[in-house]
Amino acid sequence: MKKKQCVAMLLAGGQGTRLYALTSHATKPAVSFGAKYRIIDFPLSNCTNSGIDTVGVLTQYQPLILNEYIGTGEPWDLDRTFGGVHTLPPYQAKTGGEWYKGTANAIYQNLHFLKEYDSEHVLILSGDHIYTMDYSQMLTEHVENNADCTISVIDVDEKEASRFGIMDYDKNKRITSFEEKPKQPKSNHASMGIYIFKKDVLVGELIDDEKDPASSNDFGKNIIPTLLKKKMRVFAYQFKGYWKDVGTVTSLWEANMDLLGEKPVLTLNASGQKVYSRNEPLPPTFFGANASVENCMLTTGCEIYGKVKNSVIGEGVVIGEGAVVQDSVIMSNSVIGKGVCMRYGMVDENVTIGDNVTVGDEKSDSDHIALIGRDSVIAAGRKIAAGEIIDEGGNTK
């Protein structure tokens, strides 16, 4: 059987509780982004663009939407006879079965997948970050350093460092210390949750970790510190591109806004780094006679009759006559009624907002996004305050 140089394992089972209504019925990687994408599109597209054609997607929480979306992997050129994309939920075996207990345990429960493809190296990814990256460059450094493990690193604001795994490394980028979410960070070198392991090293460490009843079965808390204690060769790969953890409503809104402007912070069509997605065959967007659109990103199937400014509008969205939508994100197949006034709002998929509804206000900001959950129906004339969260039944949470 042909051997793969590198297989990717994509951790995509996150519940995403800080996204509130957006993840009531979908795992975080399945959340819509940038008008026509989902968050999972980024690591999958990165794999394709990096020449990695075998990806195991480890699902757990609310996997239906994500599994259906990934399908055979055709949009990402991952529908392969040998390799391709595979969804890997927890399962019951003769020896028992259980939910994934941590990031390391999730990979441990799928060692059969790694054995099937018998790759030299394993790339471990998180499914809930927005970024474009060529993993092949990281793999090249990993091989050149004869590393047991390589961790992708990005420098973050010192005020944010306590939210990440923080490390120090020497002039050769060999990591000398690592601490998961330290209260007093020693540096601002943050782990991106992207690792490349020699496969044999990874398998051995996962087996040992699983035997330890005191372990949290987590890469940041257990596997990486153990490697350093053993003096194994752990190196940093310095990443300097755009990367954002979209684990909160504010950060997700900010990442969408980063797509706007004449010179956007985040671009999705750079040569060799295009982001691919599964899209419905919809007609072109229609603009009514009184429509006004300024500094927005829209995709197919929309009908725009009102005024839209500084916003990201998903496919199949209808914005009614006299409506004003500003500084907002509206996900696919939602209907915004006539006379609606929305500022700093985020609307999930398949939402219906009645006429003359007010969402947010002029005093809103990115820390007070009004959020309306999937399938909600908002009655005409209702006022939704800045920062208010509406669940799928149209009720305030």
Side-chain angles (χ1 to χ4, degrees), residues 21-22 31-37 130 242 244 246 248-269 282-373 376 378 380-390:
L22 293 177
V31 171
S32 295
F33 177 81
K36 62 175 290 186
Y37 305 95
I130 300 296
Y242 182 97
K244 199 170 188 71
V246 287
T248 66
V249 173
T250 294
S251 62
L252 181 61
W253 179 90
E254 289 174 345
N256 274 277
M257 294 299 111
D258 285 342
L259 294 166
L260 304 180
E262 294 182 6
K263 295 182 179 180
V265 178
L266 172 62
T267 58
L268 304 180
N269 60 350
L282 297 172
T285 286
F286 173 80
F287 297 93
N290 297 317
S292 172
V293 177
E294 180 182 347
N295 191 37
C296 293
M297 179 172 282
L298 298 91
T299 187
T300 53
C302 297
E303 296 180 29
I304 310 297
Y305 301 96
K307 296 182 179 180
V308 191
K309 183 177 181 181
N310 300 334
S311 296
V312 176
I313 309 299
E315 60 186 16
V317 168
V318 177
I319 297 179
E321 185 81 31
V324 177
V325 175
Q326 186 170 332
D327 300 311
S328 296
V329 177
I330 301 177
M331 300 177 189
S332 63
N333 301 313
S334 290
V335 177
I336 312 301
K338 298 178 181 179
V340 168
C341 183
M342 180 184 301
R343 289 183 170 86
Y344 290 93
M346 185 174 289
V347 178
D348 203 350
E349 300 176 25
N350 306 315
V351 169
T352 300
I353 297 180
D355 296 346
N356 301 311
V357 169
T358 300
V359 180
D361 56 49
E362 293 182 354
K363 297 179 181 179
S364 299
D365 55 33
S366 61
D367 290 324
H368 299 88
I369 303 295
L371 175 63
I372 302 175
S376 294
I378 308 300
R382 182 170 175 179
K383 293 185 178 181
I384 298 173
E388 189 171 349
I389 298 173
I390 307 296

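One-based numbering along the sequence shown. Quick caveat, the model's predicted, so the values are computed rather than measured.
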- Does a side-chain heavy-atom distance below 4.5 Å link M331 with V31? yes

- Message: Counting C-beta onward and ignoring hydrogens, is there a side-chain heavy-atom pair between I353 and M342 closer than 4.5 Å?
- Response: yes

- Any chance you could measure N350, atom CG, to N333, atom CG, to the nearest 0.5 Å? 5.0 Å

- Message: Rounded at 0.5 Å granularity, tell me how far CG in N310 sits from OH in Y344.
- Response: 8.0 Å

- Message: Can you pull out every salt bridge (Lys or Arg N to Asp or Glu O under 4.0 Å) where at least one residue sits in residues 355-369? Sequence neighbours excluded, please.
- Response: R343-E362

- Listed partners of S366 passing side chain to side chain donor-acceptor pair (under 3.5 Å), at least two apart: none

- Note on the structure: So salt bridge (Lys or Arg N to Asp or Glu O under 4.0 Å) across residues 284-308, not counting sequence neighbours, yields none

- Item | Counterpart residues, salt bridge (Lys or Arg N to Asp or Glu O under 4.0 Å), relative to K383 (two or more places apart) | none

- Could you list all the salt bridge (Lys or Arg N to Asp or Glu O under 4.0 Å) pairs where at least one residue sits in residues 319-340, not counting sequence neighbours? none

- Task: Could you pull out the closest heavy-atom pair between L260 and C296, with the gap in Å?
- Result: CD2-C, 3.8 Å

- When rounded to the nearest 0.5 angstrom, what distance separates CD in Q326 from SG in C341? 8.5 Å

- Message: Between Y305 and N290, does the side chain to side chain contact (heavy atoms under 4.5 Å, CB included) criterion hold? Intermediate values first, please.
- Response: CA-CA 6 Å; Y305 301 96; N290 297 317; over 6 Å; no

- Task: Output the distance between atom OG1 (T299) and atom OH (Y37), rounded to the nearest 0.5 Å.
- Result: 8.0 Å

- Message: Testing the basics here: between A386 and S364, what is the closest heavy-atom pair and its distance to 0.1 Å?
- Response: CB-OG, 3.1 Å

- Task: Would you check if the side chain of N256 reaches a backbone N or O of G34 as a donor-acceptor pair within less than 3.5 Å?
- Result: yes

- Mind checking salt bridge (Lys or Arg N to Asp or Glu O under 4.0 Å) for E349 and listing every partner two or more places apart, or none if nothing turns up? R38, R374

- Measure the spacing between OG of S292 and CZ of F287 and express it to the nearest 0.5 Å. 10.5 Å

- Looking only at heavy atoms, what is the nearest atom pair of T267 and P264, with distance? CG2-CG, 3.7 Å

- Going by heavy atoms in the side chains, are I313 and I319 under 4.5 Å from each other? yes

- Item | Closest non-hydrogen atom pair, A323 against G337 | CB-O, 3.6 Å

- Query: V317 versus V347: any side-chain heavy-atom pair under 4.5 Å?
  - Reply: no

- Exercise: identify the closest heavy-atom pair between A385 and E388: N-OE1, 2.8 Å

- Message: Any heavy-atom pair between the side chains of V312 and M257 that's under 4.5 Å?
- Response: yes

- For I390 and R382 the tightest heavy-atom approach is CD1-NH2, 3.5 Å

- Task: Rounded to the nearest 0.5 Å, what's the gap from CG on L282 to OG1 on T300? Could you check?
- Result: 4.5 Å

- Residue of the set I330, V329, I389 for which side chain to side chain contact (heavy atoms under 4.5 Å, CB included) holds with M346: V329

